[in-house]
Amino acid sequence: MKDIELQKTYNPKIVEEKIYNFWQTKKLEHSEIDLNKQPFVIVIPPPNITGALHMGHALNNTLQDVIIRYARMNGYNTLWVAGTDHGGIATQNVVERLLLKEGKTRNHLGREKFLEYMWHWREQTGDTILMQLKKLGCLCDWSRTRFTMDDVCSKAVYKAFIRLYNEGYIYRGDRIVNWCPRCNTALADIEVEYRQQKGKLWYIKYPLKEDNSRFIVVATVRPETMLGDTAVAVNPTDARYKNFVGKTAILPLMNREIKIVSDDVVDPEFGSGAVKVTPAHDTTDFEIAQRHNLEIFKVIDEDGRMINVGKYTGMERFKCREQVVEDLTSLGLIEKVEDYTHNVGVCYRCSTVIEPLVSQQWFVKMQDIARKAYNAIKEGKVSYYPENWKEHTLNWLENIKDWCISRQIWWGHRIPVYYCKEMKTQECETKNGIIVSEENLQSCPYCGSENIVQDEDVLDTWFSSALWPFSVFGWGVNENNAELKYYYPTQILVTGYEILYLWVARMIMMGLHFLNEVPFKEVFVHGIVRDLHGKKMSKSLGNVIDPLDVVEKYGTDALRFTLVSSTTAGRDIHLSEESFVLSRNFMNKIYNMTRFILMNISQQDVQLIKDWIKNFSSLKTSSLNIAEEWIVYELNLLITKIKQYYKKYLLGTIAHELYEFVWFKFCDWYLETAKIDLQKDERKVTTLGLLLVILNKILKLLHPIIPFFTEYIYQNIKSFFDEEEKESILNTKFAEEFELEFDNFKVLSYNVIKNIISEIRSIRNEFKLPLNIKPNIIIVAENQKILDTIKNYSHYIIRLSLINDICFVNKYTDEFKKPLHSATAVFEITKEFGTLELYVLLEEIIDLEKEKQRLKKEIEETEKFFISLEQKLNNFEFLTKAPQNEVEKVKEKYLLTKEKIEKIRRYYQQL
RNA sequence: GGGUAGUUAGCUCAGUGGGAGAGCGUCCGGUUUACACCCGGAAGGUCGUAGGUUCAAAUCCUGCACUACCCACCA
């Protein structure tokens, strides 16, 4: 694959295609049980089969891929399990919409045909997203791909249900559930979103039975529900209503007698202080009804239409509201109407206003199960990154409610419960005719009756998701299998915070309950992808950035690099198109830097360079020049930092550090000095060898983030290394620090040279020197050693700052008079080396007024700092209370700054 | 109503006790042959606000304002 092309621009499309095909043949992602190696496992948050890849997926999976590749390069037996989620209501909605286009509804087809249709649809399109993940470079072991409704996972679902049922954790009960009249199903509390909505608060007069000229006034935002009222409640301490409690009121429009009761939940401050009680359609009212044994009277059906209410029957609930208000108004029973803003619950899928409905549902009793999870998290068996989500999860677990797991749809795991209609035996009767069975039953196992029916409902989609970390390893088929033993618990779960409770907490609970071990040791929580201004991406806002478009335009690696570098500790990500341009440019930069290196290698040098690289590890830094020593030193610092950041999963910081090092240190500085070295034949091999060694390290550091690009470059340079046997960069070891002893003086000297060059450039710009004017400069120092070192490398300064020549002056031994027509700068180095003066000889070009201003500004800035140092040192408390090394540091800076400022002042005055 | 996070350059964000940083944008200058998807330079900030702790605060604490998200049964 030696084909770095001559084009000046990196073409991701061609390269990524090539590398993708290369990987396809290598099956690098495959993992097998290897007891000699430590496993490092990630189980994917399974995307919904309806989903086309969006930015959230791209982010989530890129992060996982970075982590898995890093672990892989550190010698772990990595496994990333892929799969998809059947997605319950969301998926059924999508398919029903498709059906509707054909003019059909699910009821036309019937359950069986409808499911057939759905499975067929899934076969055709369900794996699209997995293909897209593959293209993203995700190192999932595709041979293990699972689906929440495949045989293996379904077995786990039934097994879990039956076990929970037998253990007494699953029960069936009457509850007020959040009903979505559009989706026609119950929703869990966490599937309900609240929206603030402007509404009205109606005050309605209910006449008293004993004296219909007297009224009790109730306030409500939902007048239509009054038709189902079975009581009025007031606070027991409310003096206004003391005499009403126990009396009977007449429900207007319905002319039903209802009781007036007292209950603590009623807030006397709100509205009129009296509450209408509609047990069938309000959670609080339902609770009141249970405490007072009130009748439950259902007036709204599953489609959101009125029932059992005479002339209102069949009306849509909001239409009915208008009608009720109109009728009450004409009866003179509306006392007043107020504007009122309140929260309305809506379905998280379709935003339809939720109707609280009383109905029979299956529930999981959560308290015991949650306590186990609570303790495990508290004990640190699961670590959260960033940590603050730990506390959130604990809070949620503490206040957990029972989990409604039945859903009134067809797509999903059908609840494995049968009802015997006959109950012919005693045994059958004690069981209430409820049969829980994984098998497809034809007759009742208790009484033999063939008159049995299976529960119509399916399980909440999150029920199967909660089992995902172990169902994928075949727990449902055989819970003692070797894979489960080896791979479970997994290492880390990567997810957005929006499903922390919906999913993550439940996995922890189920993992602990069924396997007695947490399903993952770590949870990495990332934010949600938003647009540049923090708005959620949505089609209606038109601010969606499609990852596939980005890949098309800028390449997969650019997408990945941007996503990773935008990730900061659990915060939301604000994406803009231009951020991908930056990443694309970064890739191009490295591409060209590589081209430069390879272009400079002549055929006859290849072997020499290989030999040099082979011996590099035994080299001493003394054979390196200061630029080389500096860059190697900086690279070591970088590697150390990056390894630490990985421990804390600070992936965004890692991307930033790499960007900075490669561009600003390696390319802008080292490569520029290397160009100068390359002109001397005797330095050529060393320079090129070192450039390749560093490039190789950089590739490895970058590989987890931009795998395609780094693989491509690696394939083009790997022949220089003893790594011929490594087919892919993925099989190499992650970059380690060089084991070298550094000479701090060399590093320091190089930094001084850098500063001198920058300063000269700045002066050139300030005085608008054209490029063809190359002034002479004078460097004055107090220390001969540093003067000699700079002298040795003066060619760097001459080339990089475009000057003619340098004159070196030792302040103590040489005669020196400050040249008048020059621009001046003073540098502080260290206590040992003192300060250094720079004169750029400008002769008649200089504008002395400008130089004056330049120095004045410098003096002002330095003075500000100097005064702060002085104040510190004059402060007795600072001297006594601050740590000694801080005081020392300030003292040193003080002396240096003093020297500097005095010098600049003197020059200023001479002008 | 409760909780959490955020408020730093025009924009997007780093920085968690010792001289305010990056990228983009802006302005100035560049065919320095790896890269114009580039190079060099510059301007731009009383670090939301009011207090407090400390020798020292963008950084720690408290109040307030605004923003975002999560949670909650207030009709």
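Chain letters run A, B, ... following the sequence lines, proteins first, then strands; residues in each count from 1. Quick note: numbers below take in every heavy atom, side chains included, and nothing from hydrogens, waters or symmetry partners. In this text, all values refer to a predicted model and were calculated from it rather than measured experimentally.
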Participant: At 4.0 Å (heavy atoms only), tell me whether A:Pro770 reaches a base, stays on the sugar-phosphate, or touches nothing.
Facilitator: nothing

Participant: Are the aromatic rings of A:Trp389 and A:Tyr384 close, with centres under 6.0 Å apart?
Facilitator: no

Participant: Are A:Phe270 and A:Tyr340 near enough that their ring centres are under 6.0 Å apart?
Facilitator: yes

Participant: Any side-chain donor-acceptor pair under 3.5 Å between A:Asn592 and A:Tyr10?
Facilitator: no

Participant: Hey, what's the ring geometry for A:Trp663 with A:Tyr659, parallel, tilted or perpendicular (30° and 60° as the breaks)?
Facilitator: tilted

Participant: For A:Ser762, answer base if it contacts any base atom (sugar-phosphate contacts may also be present), sugar-phosphate if it contacts only those atoms, and nothing otherwise; contact means non-hydrogen atoms under 4.0 Å.
Facilitator: sugar-phosphate

Participant: Classify the side chain of A:Lys589 and the base of B:C35 as holding, or not holding, a donor-acceptor pair under 3.5 Å.
Facilitator: yes

Participant: To the side chain of A:Asn765, which of B:C35, B:C37, B:G40 is closest?
Facilitator: B:G40

Participant: Taking Watson-Crick and G-U wobble pairs with both distances under 3.5 Å, convert RNA chain B into its dot-bracket string, 5' to 3', dots for unpaired and | for cross-strand pairs.
Facilitator: (((((((..((((....[..)))).(((((.......))))).....(((((..]....))))))))))))....

Participant: Base, sugar-phosphate or nothing for A:Arg584? Non-hydrogen atoms, less than 4.0 Å.
Facilitator: base

Participant: Quick one: label A:Asp267 by what it contacts on the DNA or RNA (base, sugar-phosphate, nothing), any heavy atom closer than 4.0 Å.
Facilitator: base

Participant: For RNA chain B, which residues of residues 659-679 of chain A approach it to below 4.0 angstrom with any heavy atom?
Facilitator: A:Trp663, A:Phe664, A:Cys667, A:Asp668, A:Leu671, A:Glu672, A:Lys675

Participant: Would you please determine if the base of B:A34 is stacked by A:Phe596, with stacking meaning a centroid separation under 5.5 angstrom and planes under 30 degrees?
Facilitator: no

